[in-house]
Engineer: 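Input: one structure, supplied below.
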Amino acid sequence: MAEHVVTTLVGRKAILPCDHDGGAGNVSLVMWTKGSDIITQVALQSDVTFVEPWGPFASRLGLTDNINLQVNNTRLEDEGHYQCTVTLSPTNRQGVAEVHLYVYAQPEAPVINGRLGRDIVDPDGSMMPPGMNLTLICSSSGGTPPANLTWYRQGKKVNDVISYHDNSTGDDVTSVSELLVQLTEDDDMDVMTCTSWGPEPIRSLSTSITLRVGFYDPQEQTMKYVSWSLIGGGVSGALIVLLILVVIATTTGKSTDRRPRTSGNFTNLETADRMPLGMNGHSAVQVNNVEEEEEKDHVTEPTNETQDSKPNAVQSVTLDGPTDETPQTVEEPSIPDITVSEFL
C-alpha cells in the first residue's frame with residue numbers, strides 16, 4: 001500500500017485523500033487517526049453522524065466527498081502520519097489509506113551583509129578598494145525546513161561557498177551562506193544575488209547587491225582604479241591611499257586669485273597690476289600702461305625751457321643720476337590713485 005504525501009504552508013488548508021484499498025462497496029464508517037490518536041470518525045448511514053474532533057484539531061477539521069480529511073489553518077504541529085480506515089457495506093470489509101502531511105513555513109527574504117577585513121560594511125553600492133578580501137554573508141530565517149541558499153554572480157551560479165545553520169538565538173534556525181570575493185577592478189558593477197528556496201510550496205526569494213570597486217576622484221568626478229597590491233596593502237597601503245586623497249583635495253582647493261605684484265624698487269603701489277612702473281633713462285620715474293587719453297592730457301614731453309612753478313601742480317620726481325643729462329619730468333596734474341612711497 002502506497003503512502004500519499006501532502007504538503008502545505010502554515011496557515012493554509014490541507015486535504016488528505018482516503019484512497020483506501022478496500023475495493024468496491026458503500027462506505028458505512030470512516031475513521032481518521034494521527035499516530036495512535038483517533039481525531040475524528042463519521043458514520044455514513046441514512047443520516048450522517050459526524051463526531052466532532054477534539055484536542056488540537058478542535059473546530060479545524062472537516063470532510064470532503066464524505067471521506068477525505070480537510071485540515072484548516074494548518075500548524076507546524078499538524079505535520080505527521082495519518083491513516084484513514086473505512087468500513088464497507090454490506091460485507092463489512094475494511095480498507096486503509098496512509099497519508100503523510102508535511103507543513104512548511106515560508107522563510108524570510110535573504111539579507112546580504114559584508115565583512116571587509118574585520119570591519120562590517122554594507123556591500124550594496126559602498127565604494128571598496130581593490131586588492132582586499134570581501135566576505136559576503138547571506139542569511140535567511142524563519143523557514144521550516146531551514147532555507148537553502150544559492151549564490152549567483154552576474155546570473156551564473158557560484159559553487160565555492162560555505163553554508164551552515166545558526167540556532168544560537170534559540171528561536172528559529174537561521175540559514176547562512178558565505179561567499180569570499182577577492183576584489184579587483186573587474187568586479188566593479190558586478191551584481192551578486194542570493195536566493196533562498198525550499199520544497200514546494202515554498203516560494204523562492206532573492207536579494208541582489210551591486211559591487212563598487214575603485215577610488216573616487218573628486219576633481220575629475222571619475223573613478224580611479226589603483227591596485228591595492230601595488231601600493232603595499234595593509235596599513236601602509238591605507239596610509240598611501242589617504243595621502244593620495246589629501247593631495248587631490250588640496251589640489252582641488254587651490255585658489256587662482258592673482259595678487260598685486262611688487263617691484264624690488266617700489267613698494268605700496270596701488271593698482272600695481274594695472275599700472276606697472278618703469279624707469280626712463282636714469283633719472284625720472286615714468287608711469288607706463290596708462291590709457292592713451294590720459295597720456296595726452298597729463299604727460300608732457302621734456303624740454304630745456306624752465307617751467308614756471310604752479311602751486312597746485314605735482315612737480316616732477318627726480319632720482320639721483322648722472323649730472324650731464326637733463327632730467328626727464330612727468331607732470332601729473334591729478335593722479336590720486338598712484339602713490340610712490342619709497343625709492344631704493
Side-chain angles (χ1 to χ4, degrees), residues 5 7-10 12 102-169 171-217 220-234 237-238 241 244:
V5 175
T7 60
T8 188
L9 287 176
V10 171
R12 296 185 180 180
Y102 290 96
V103 182
Y104 300 141
Q106 176 68 42
E108 297 177 359
V111 176
I112 300 178
N113 294 304
R115 187 171 63 244
L116 196 63
R118 296 182 179 180
D119 299 326
I120 302 298
V121 297
D122 180 5
D124 189 15
S126 299
M127 195 62 60
M128 290 172 287
M132 296 195 71
N133 292 332
L134 171 67
T135 301
L136 295 176
I137 305 169
C138 177
S139 60
S140 175
S141 60
T144 302
N148 299 306
L149 300 175
T150 302
W151 280 101
Y152 297 90
R153 182 171 189 161
Q154 296 291 85
K156 296 181 179 180
K157 183 179 178 181
V158 180
N159 295 317
D160 190 13
V161 298
I162 299 175
S163 299
Y164 55 93
H165 293 150
D166 180 13
N167 58 355
S168 59
T169 60
D171 298 328
D172 296 330
V173 176
T174 300
S175 298
V176 182
S177 182
E178 297 185 3
L179 171 62
L180 178 64
V181 180
Q182 295 178 334
L183 297 173
T184 67
E185 293 87 344
D186 295 335
D187 297 327
D188 188 48
M189 300 304 294
D190 276 3
V191 177
M192 313 296 292
T193 302
C194 181
T195 300
S196 66
W197 57 277
E200 291 290 343
I202 289 179
R203 295 178 295 110
S204 296
L205 300 174
S206 297
T207 300
S208 298
I209 63 168
T210 301
L211 296 179
R212 297 306 311 274
V213 183
F215 298 99
Y216 183 69
D217 186 342
E220 299 183 10
Q221 296 185 358
T222 57
M223 292 299 302
K224 295 296 184 181
Y225 300 105
V226 181
S227 175
W228 191 259
S229 59
L230 292 179
I231 58 177
V241 172
I244 293 174

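Every value quoted in this text rests on a predicted model; they were computed, and no experiment measured them. Positions are given from 1 along the sequence.
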Engineer: On a heavy-atom basis, which atom in V121 and which in L116 lie closest, and how many Å separate them?
Structural biologist: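 V121 and L116 have their closest heavy atoms at CG1-CB, 4.1 Å.
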Engineer: So with a 6.0 Å cut-off around CG of D160, is the heavy-atom count from everything else above 12?
Structural biologist: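 No, not enclosed.
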Engineer: Between E108 and S141, do the side chains contain an N or O donor and an N or O acceptor separated by less than 3.5 Å?
Structural biologist: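 Result is yes, a qualifying pair exists.
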Engineer: With no hydrogens and no angle check, just 3.5 Å: does a side-chain donor-acceptor pair link E178 and Y164?
Structural biologist: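 Note: E178 and Y164 side chains meet the donor-acceptor criterion.
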Engineer: Is the shortest side-chain heavy-atom distance between I209 and L136 below 4.5 Å?
Structural biologist: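 Contact flag for I209/L136 side chains = yes.
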Engineer: Contact between V161 and L180 at the side-chain level, heavy atoms closer than 4.5 Å - yes or no?
Structural biologist: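 In short, these two side chains do not touch, never coming nearer than 4.5 Å.
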Engineer: Treating D188 as the side-chain partner and V213 as the backbone partner, does any N or O pair qualify as donor plus acceptor under 3.5 Å?
Structural biologist: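 Flag set: sc D188 to bb V213 pair under 3.5 Å.
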Engineer: Give the intermediate values and the outcome of side chain to side chain contact (heavy atoms under 4.5 Å, CB included) for residues M189 and L211.
Structural biologist: CA-CA 5 Å; M189 300 304 294; L211 296 179; over 6 Å; no
Engineer: Can you tell me if W151 and T193 form a side-chain donor-acceptor pair at under 3.5 Å?
Structural biologist: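 T193 and W151 do not have a side-chain donor-acceptor pair below 3.5 Å.
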Engineer: Rounded at 0.5 Å granularity, tell me how far CG in D172 sits from CG in D166.
Structural biologist: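 Atom-to-atom, D172:CG and D166:CG are 11.5 Å apart.
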Engineer: Could you go through Q106 and T144, starting from their C-alpha distance and side-chain angles, then the distance that decides it, and tell me whether this counts as side chain to side chain contact (heavy atoms under 4.5 Å, CB included)?
Structural biologist: CA-CA 7 Å; Q106 176 68 42; T144 302; over 6 Å; no
Engineer: Less than 4.5 Å apart, any side-chain heavy atom of H165 and any of V176?
Structural biologist: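 In short, these two side chains do not touch, never coming nearer than 4.5 Å.
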Engineer: What pair of heavy atoms forms the shortest contact from L149 to C138, and how long is it?
Structural biologist: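 Nearest pair, atom of L149 first, then C138: CD1-O, 3.6 Å.
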Engineer: One pair to check against side chain to side chain contact (heavy atoms under 4.5 Å, CB included): R153 and V181. What are the steps and the verdict?
Structural biologist: CA-CA 11 Å; R153 182 171 189 161; V181 180; 4.1 Å; yes
Engineer: In chain order, what residues pass the side-chain hydrogen bond (donor to acceptor under 3.5 Å, both in side chains) check against S206, with sequence neighbours excluded?
Structural biologist: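 Scan of S206 (side-chain hydrogen bond (donor to acceptor under 3.5 Å, both in side chains), adjacent residues dropped) gives T195.
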Engineer: Could you tell me which non-hydrogen atom of R12 sits nearest to which non-hydrogen atom of P201, and how far apart they are?
Structural biologist: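 The answer is NH1-CB, 4.2 Å.
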